[in-house]
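Small disclaimer: the values here were computed from a predicted structure and weren't measured.
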Amino acid sequence: MFLVVPDPAHGLVAAPESRADLTPCTEETLAAQGFTWDSAIEAYTRPTDHGPGAVERTAGALRELGHFVFSSCTPLFTG
């Protein structure tokens, strides 16, 4: 399972529920979209392109790989 959301501090975030969600294909897909692993928050982040379309493209790519995805186009933390 993944959470895909924009975050003011990190850009677009794709956070797995557990390390078991990080299959080689999933990691390759996220890297191809410009994400890098941020060990401080244990999630993939991309500092640019974090609008609603980007959220849906990332969530859709993860769903196509068989992941259950929660997504939101509204930042979780604003302050």
Side-chain angles (χ1 to χ4, degrees):
M1 182 172 19
F2 272 83
L3 173 66
V4 178
V5 294
D7 177 78
H10 298 98
L12 187 56
V13 175
E17 181 180 30
S18 73
R19 296 289 282 165
D21 293 314
L22 298 177
T23 65
C25 191
T26 299
E27 292 177 320
E28 288 173 17
T29 297
L30 290 169
Q33 290 189 11
F35 285 88
T36 57
W37 181 253
D38 184 331
S39 59
I41 64 170
E42 296 187 358
Y44 277 89
T45 62
R46 183 175 67 201
T48 60
D49 190 21
H50 44 76
V55 171
E56 290 308 312
R57 282 189 299 278
T58 301
L62 291 168
R63 287 183 183 113
E64 286 180 14
L65 294 172
H67 295 286
F68 186 76
V69 181
F70 287 103
S71 64
S72 171
C73 296
T74 304
L76 293 178
F77 307 105
T78 58

Do [X] and [Y] touch side chain to side chain, with heavy atoms closer than 4.5 Å?
X   : Y   : value
T23 : L65 : no
R63 : F2  : no
L30 : W37 : no
T58 : F35 : yes
L62 : T26 : yes

task = Examine L22 and F68 and state if one hydrophobic cluster contains both, with Ile, Leu, Val, Met, Phe, Trp and Tyr joined whenever side-chain heavy atoms are less than 4.5 Å apart.
result = no
inquiry  = Tell me whether F70 shares a hydrophobic cluster with V4, the cluster being built from Ile, Leu, Val, Met, Phe, Trp, Tyr side chains joined at under 4.5 Å.
reply    = no
Which atom pair, heavy atoms only, marks the closest approach of [X] to [Y]?
X   : Y   : result
A43 : P16 : CA-CD, 4.2 Å
V55 : S72 : CG1-O, 3.6 Å
P6  : L12 : N-CD1, 4.0 Å

key: Worked verdict on T45 versus T36 for side-chain contact (heavy atoms from CB on, under 4.5 Å)   = CA-CA 6 Å; T45 62; T36 57; 4.2 Å; yes
H10 NE2 to D38 CG distance, which is reported to the nearest 0.5 Å = 5.0 Å
ask   = What distance do C25 atom SG and H67 atom NE2 have between them, rounded to the nearest 0.5 Å?
value = 8.0 Å
